[in-house]
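Just below is one structure, and these are the notes that go with it.
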Amino acid sequence: MSEIVGIKFKEPGKLYYFAPNGLTFEKGEGVIVETARGAEYGTVAVANKEVPDEEIKGELKPVVRKATEEDTQRHEEIVNKRHSSIRTAQEMANKRKLDMKFVDAEFTFDNSKVVFYFTSDNRIDFRDLVKDLAASFHMRIELRQIGIRDECKMKGGLGPCGRVCCCNDYMKDFERVSIKMAKHQGLSLNPGKISGLCGRLMCCLKFEDDYYADTLKFMPKIGSEIDTPKGRGVVASIDVLRQTVVVKTTLADESVVNDEYNLEQLGITPVYPDKCATCNGCQANDGETDEDDTDILPDTEE
């Protein structure tokens with residue numbers, strides 16, 4: 001076991017472990033830590049605690065010190081100038097007629113470097129723009145092209161459900177989402193119904209997919225024949241959440257009835273796969289492929 005303190009550099013953002021270096025921290029405190037980009041200001045997201053050594057990747061870097069009032073004021077000044085810097089960069093790109101949309105800017109704590117994030121449909125030759133920016137900001141400039149999902153994560157907004165986008169609220173990383181997940185859940189395949197603000201498939205399709213995929217393995221398929229207490233019938237519809245089946249049955253007097261049955265009445269026993277400790281429920285496709293199982297891969301930062 002090793003004692004750690006969890007630090008975040010922005011919200012939402014990844015959680016990084018650092019060694020407390022003999023100090024005691026409380027959630028929400030500001031700290032100064034050493035990173036690959038130099039000294040950075042971070043916020044304590046997880047107070048001092050012990051975690052298993054296998055959760056720690058690489059060597060733990062120590063926290064340099066707790067942030068002073070001067071450090072906090074300096075950090076706030078850096079954050080406050082982000083918007084004006086983005087506008088300046090956008091204006092310079094427009095003058096050079098570059099097809100770029102600037103999304104965010106990150107300044108290092110020592111004000112020696114700024115990283116601009118932008119989106120574009122094409123690859124951009126921005127070498128001359130970097131020179132313009134360096135002359136204007138008098139510091140090292142880095143331009144980084146990101147995808148539309150990353151833009152949504154940075155800017156946020158309200159999703160179709162009326163809540164803040166999951167990627168901007170709490171998600172640390174994007175996961176693979178595919179159209180097959182919408183099929184599992186019986187959702188409309190209209191892109192406007194299953195797409196988020198980014199125009200890509202909604203991240204929340206992934207949240208319940210394991211349950212739907214596992215349950216559909218033992219649920220009867222729509223259109224298949226099945227024995228019921230009233231005789232043999234055809235499956236008209238299924239409810240995966242309630243685990244019920246509506247069966248269309250033709251009786252002896254030629255009348256047709258639609259009855260709803262639970263799985264026990266149909267002699268079906270739910271069987272879920274064991275969840276291994278490593279992946280917490282990975283799924284194998286048994287070698288089957290689906291031409292509509294198109295993976296929608298997220299755009300990630302470099």
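Heavy atoms only: backbone and side chains are in, while hydrogens, waters and symmetry mates are out.
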Starting from Ile238, can I reach Tyr211 by hopping between I/L/V/M/F/W/Y residues whose side chains sit under 4.5 Å apart? yes
Could you please spell out the steps behind the side-chain contact (heavy atoms from CB on, under 4.5 Å) verdict for Val44 and Val31? CA-CA 7 Å; Val44 176; Val31 296; 3.7 Å; yes
Under 4.5 Å between side-chain heavy atoms, counting indirect links through other Ile/Leu/Val/Met/Phe/Trp/Tyr residues: same cluster for Val257 and Val246 or not? no
Ignoring hydrogens and geometry, is there a side-chain-to-backbone donor-acceptor pair from Thr108 to Ser112 under 3.5 Å? yes
Return the set of residues passing ring-ring contact (aromatic ring centres under 6.0 Å, His included) with Phe9 (not counting sequence neighbours), or none when no residue passes. Tyr16
Where do Phe174 and Cys167 come nearest, in terms of heavy atoms and distance? CE2-CB, 3.6 Å
Heavy atoms of Leu158 and Leu197 approach each other most closely as O-CD1, 3.4 Å
Can you tell me how far the CD1 atom of Ile146 sits from the NZ atom of Lys101, to the nearest 0.5 Å? 9.5 Å
Donor-acceptor under 3.5 Å (Asn94 side chain, Gln90 main chain): yes
Just by distance, no angles: are the side chains of Glu106 and Tyr117 close enough, under 3.5 Å, to form a donor-acceptor pair? yes
Ser120 (side chain) donor-acceptor with Asp99 (main chain) under 3.5 angstrom: yes
Below 4.0 angstrom, N of the basic side chain to O of the carboxylate: do Glu142 and Arg144 qualify? yes
Is a donor on one side and an acceptor on the other found under 3.5 Å between the side chain of Lys153 and the backbone of Asp169? no
Does one hydrophobic cluster hold both Ile141 and Met92, with members joined at side-chain heavy-atom distances below 4.5 Å? yes
All side-chain hydrogen bond (donor to acceptor under 3.5 Å, both in side chains) counterparts of Arg127, not counting sequence neighbours: Asp125
Please collect all ring pair (Phe, Tyr, Trp, His ring centres under 6.0 Å) contacts where either partner lies in residues 243-265, sequence neighbours excluded, each pair once. none
Are Leu129 and Leu143 packed together at the side-chain level, in the sense that at least one heavy-atom pair is separated by less than 4.5 angstrom? yes
Spatial distance of atom CD1 (Ile78) from atom CG (Asn111) [nearest 0.5 Å]: 4.5 Å
Same cluster (ILVMFWY, side-chain, under 4.5 Å), Val235 and Ile268: yes
Do you know the tightest heavy-atom contact between Val103 and Met154? CG1-SD, 3.9 Å
Kindly compute the distance separating CD (Glu225) from CZ (Arg232), expressed to the nearest 0.5 Å. 5.0 Å
Taken to the nearest 0.5 Å, the spacing of Ser195 OG from Arg200 CZ works out to 9.5 Å
Between Leu216 and Val240, is there a side-chain heavy-atom distance shorter than 4.5 Å? yes
Hey, are the side chains of Val247 and Val234 touching, using non-hydrogen atoms and a 4.5 Å cut-off? no
Which heavy atom of Ala39 sits nearest to which heavy atom of Glu34, and what is that distance? N-OE2, 3.7 Å
Does the side chain of Glu3 come within less than 4.5 Å of Asn48's, by heavy atoms? yes
Pairs meeting criterion salt bridge (Lys or Arg N to Asp or Glu O under 4.0 Å) with involvement of residues 71-91, two or more places apart: Arg65-Asp71, Arg82-Asp104
Should Glu175 and Cys203 count as side-chain neighbours, where that means a heavy-atom distance under 4.5 Å? no
Taking the side chain as every heavy atom from C-beta outward, state whether Val130 and Asp128 have any atom pair closer than 4.5 Å. no
Is it the case that Asn190 and Ser188 place a side-chain donor and acceptor less than 3.5 Å from each other? no
Could you report the tightest heavy-atom contact between Leu205 and Leu187, atom names first, then the distance? CD2-CD1, 3.5 Å
Find the distance between CZ (Arg242) and CG (Leu263) and round it off to the nearest 0.5 Å. 11.0 Å
Can you tell me how far the CZ atom of Phe116 sits from the CG atom of Leu133, to the nearest 0.5 Å? 5.5 Å
State plainly whether one hydrophobic cluster holds both Phe102 and Phe137, where clusters connect Ile, Leu, Val, Met, Phe, Trp and Tyr through side-chain heavy atoms under 4.5 angstrom apart. yes
Going by side chain to side chain contact (heavy atoms under 4.5 Å, CB included), name the residues that satisfy it together with Lys61, two or more places apart in sequence or in a different chain. Phe18
State whether Phe107 and Lys113 meet the cation-pi test: NZ (Lys) or CZ (Arg) under 6.0 Å from the six-membered ring centroid, and within 45° of the perpendicular axis. no
Would you say Ile148 and Thr119 make side-chain contact, with heavy atoms under 4.5 Å? no
Short question: side chain of Gln243, backbone of Thr215 - any donor-acceptor pair under 3.5 Å? no
Between Arg176 and Met181, which heavy-atom pair has the shortest distance, and what is it? O-CE, 3.5 Å
Check ring-ring contact (aromatic ring centres under 6.0 Å, His included) between Phe218 and all other residues, then give those that pass, not counting sequence neighbours. Tyr272
Counting C-beta onward and ignoring hydrogens, is there a side-chain heavy-atom pair between Val256 and Thr249 closer than 4.5 Å? no
Applying side-chain contact (heavy atoms from CB on, under 4.5 Å), run through Glu50 and Ser2 and close with a yes or a no. CA-CA 5 Å; Glu50 291 189 345; Ser2 301; over 6 Å; no
Take Tyr41 and Thr43 through the test side-chain contact (heavy atoms from CB on, under 4.5 Å) and record every step on the way to the result. CA-CA 7 Å; Tyr41 182 98; Thr43 305; 4.3 Å; yes
Using only heavy-atom distances, determine whether the side chains of Asp253 and Ser255 contain a donor-acceptor pair under 3.5 Å. yes
Go through the steps to decide whether Leu201 and Arg149 satisfy the test side-chain contact (heavy atoms from CB on, under 4.5 Å), and finish with yes or no. CA-CA 10 Å; Leu201 291 176; Arg149 279 195 164 184; 4.3 Å; yes
Between Ser224 (side chain) and Pro220 (backbone), is there a donor-acceptor pair under 3.5 Å? no
Checking side-chain polar atoms at under 3.5 Å, does Gln185 have a donor or acceptor matched by the opposite partner on Asp209? no
